[in-house]
Amino acid sequence: MLSLQLIRDKKDFVAERLSVKNFDATGLLNEIIDLDKIRRNTQSELDNVLAEANRISKSIGQLYKSGEADKAEAAKSRSVELKEQSKLLSAKLTETATLLNKKIVELPNIPHESVPRGNSDQDNETVFEEGKLPNLPDDALPHWELAAKYKIIDFDLGSKVTGAGFPFYRGQGARLQRALINFFLDEAIAAGYLEYQPPLLINEDSGFGTGQLPDKEGQMYFVNEDNLYLIPTAEVPITNIYRDVILKESDFPIKNVAYSNCFRREAGSYGKDVRGLNRLHQFDKVEIVQIEHPDNSYDTLETMKEHVANLLRKLELPFRILRLCGGDLSFTSALTFDFETYSGAQKRWLEVSSVSNFESYQANRMKLRFKDKNGKTRLAHTLNGSALALPRIVASLLENNQTPQGIKIPKALQRYTGFDMIK
RNA sequence: GGAGAGUUGGCAGAGUGGUCGAAUGCGGUGGUCUUGAAAACCAUUGACCCUUCACGGGGUCCGGGGGUUCGAAUCCCUCACUCUCCGCCA
């Protein structure tokens, strides 16, 4: 969430910046300013009432001790009056504060100044492209047909046992999954990230902290019996490690990596976008998360981008990097770069990673702070990125590397798969 | 799943109705001493909100929420979590 201070000081600036996300905030901002005024006035009134009540309560004890019971009784009745007042004021305060908070949370993060205006993925800016696009014969197969041909991924079996979007990986397919996970984890560890294995279910507070709740609960699976959500990404448990934490400046940089299954309901998706591995309800992902000093977060974002780019180079996949436009930027992000690999048989670019700086937006929601050199408590910055999401990587690998003899495994991966060809 | 015990400041740990935001110890920070360091000694050491140009003043917080009372860390209810024993189990 945005800080109230920023909204108070620079309302017009906030409105202008949010318009880049095609978000008209003017009405909401005015409501927030008004509620804030009411809240502060109410707080002051309540404080005064409580201050008097405290004084009186203390005096009552004294009065009884010194035998002035009649005075004590008088003080008591005044105290009862004050209590009535404080009840009313405190109810008003809670109500106002709750509403205020609800409104602030409705504001998305303000985009970084480099974010281009735009409405959809059509307006994203390609900032980098590398690698040669594969030159496949006309009869090249899309990955779902390759998966069937080599019996390495079984979508129908998944439908039978669970439902659409929950495939089985089999034989060399299963081994390839395991290889990619280990490869990604090893690369991250070599780059200085600390490995975590997070819980796959999270509570409501965690969902709120990273911004999935309250608005996007429809995207998560919910376990009603225990009031827990299945994680849509390891970002949620890993970032929430630092919820309600005050770090020391010397704790930076915090670099964590986690492999996890990810669960997404993906309600409303259809068509070619969901064919095969393109969009699943359960998939595997290695996620990197960093907590940073505000001064360094954009340098860190560059470093994370470079890490992801190197993974794709080692996998010998052609890729490009997009700077997301305002309209395509997520609610919580200030700046996001998407990585896409080219999938030769489908002849389309597939998003395989998303690297974002959330600045203090998540940190403010989850009260993730640090003490700076002057002893002042400030909000930290959070960042994360996929490094990488498996399914579309597998799709690209299968399609681009298909040969009449089988599917070639990139060199960097062979020591993890134990084979150089799927046949 | 059954029975019981617990949750206090960065940590350990006292406190069972009034002067307790909270003893004490450890840790942290600053200082004295020292060539330097250690030890010793002295001081200081939470978060949040309102108010003030500032100095300062006021308020809230002893797991979360609610209640009793003039007054709650202390009593009651409730939820969460932790621990112990029993049961079950990868």
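Proteins get letters first, then strands, A, B, ... in listed order; numbering begins at 1 in each.
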Can you list, by residue number, the residues of residues 3-11 of chain A that have a non-hydrogen atom closer than 4.0 angstrom to RNA chain B? A:R8
Check whether the side chains of A:Y193 and A:N256 place a donor and an acceptor atom closer than 3.5 Å, and report yes or no. no
For a quick check under 3.5 Å, do A:T300 and A:E292 share a side-chain donor-acceptor pair by atom type? yes
Which is true for [X] with a 4.0 Å heavy-atom rule: it touches a base, it touches only sugar-phosphate, or it touches nothing?
X: A:N48; answer: nothing
X: A:A75; answer: nothing
X: A:R78; answer: nothing
X: A:L50; answer: sugar-phosphate
X: A:T42; answer: nothing
X: A:S79; answer: sugar-phosphate

Less than 4.0 angstrom between a side-chain N/O of [X] and OP1 or OP2 of [N], yes or no?
X: A:N54; N: B:U60; answer: yes
X: A:K83; N: B:G71; answer: yes
X: A:R55; N: B:G71; answer: no
X: A:R39; N: B:C50; answer: yes

Check every atom of [options] against the side chain of [X] and return the nucleotide holding the closest atom.
X: A:S44; options: B:C50, B:G58, B:C48; value: B:C50
X: A:Q43; options: B:G59, B:C50, B:C70; value: B:C50
X: A:R369; options: B:C50, B:G71, B:A47; value: B:A47
X: A:K371; options: B:C70, B:G59, B:A47; value: B:A47

Taking only the [atom1] atom of each, what is the distance from [N] to [M] in whole angstrom?
N: B:A22; M: B:G10; atom1: P; result: 15 Å
N: B:A12; M: B:A80; atom1: C1'; result: 24 Å
N: B:C26; M: B:U35; atom1: P; result: 27 Å
N: B:A73; M: B:U60; atom1: C1'; result: 14 Å
N: B:G63; M: B:C11; atom1: P; result: 13 Å
N: B:G31; M: B:G17; atom1: C1'; result: 42 Å
N: B:G9; M: B:C77; atom1: P; result: 24 Å
N: B:G65; M: B:A54; atom1: P; result: 31 Å

Please work out whether the ring planes of A:Y298 and A:H112 are parallel, tilted or perpendicular, with thresholds of 30° and 60°. tilted
How do A:R40 and A:S77 order along RNA chain B: which one's closest nucleotide is nearer the 5' end? A:R40
With a 4.0 Å cut-off, would you call A:K76 and A:E81 a salt bridge? no
So which atom in A:G209 and which in A:R365 form the shortest heavy-atom distance, rounded to 0.1 Å? O-CB, 3.6 Å
Donor-acceptor pair (no angle test) under 3.5 Å: A:D47 side chain, B:G59 base: no
A:K248 to A:F370 six-membered ring, cation-pi geometry met (6.0 Å, 45°): no
Row check, A:Y416 ring normal vs A:R178 NZ/CZ: under 6.0 Å, within 45°: no
Between A:D123 and A:N119, is there a donor-acceptor pair closer than 3.5 Å when you use the side chain of the first and the backbone of the second? yes
For the pair A:Q172 (side chain) and A:M421 (backbone), establish whether a donor and an acceptor sit closer than 3.5 Å, ignoring hydrogens and angles. yes
Let's test this: given Watson-Crick or G-U wobble pairing with both distances under 3.5 Å, identify the partner of B:C75. B:G67
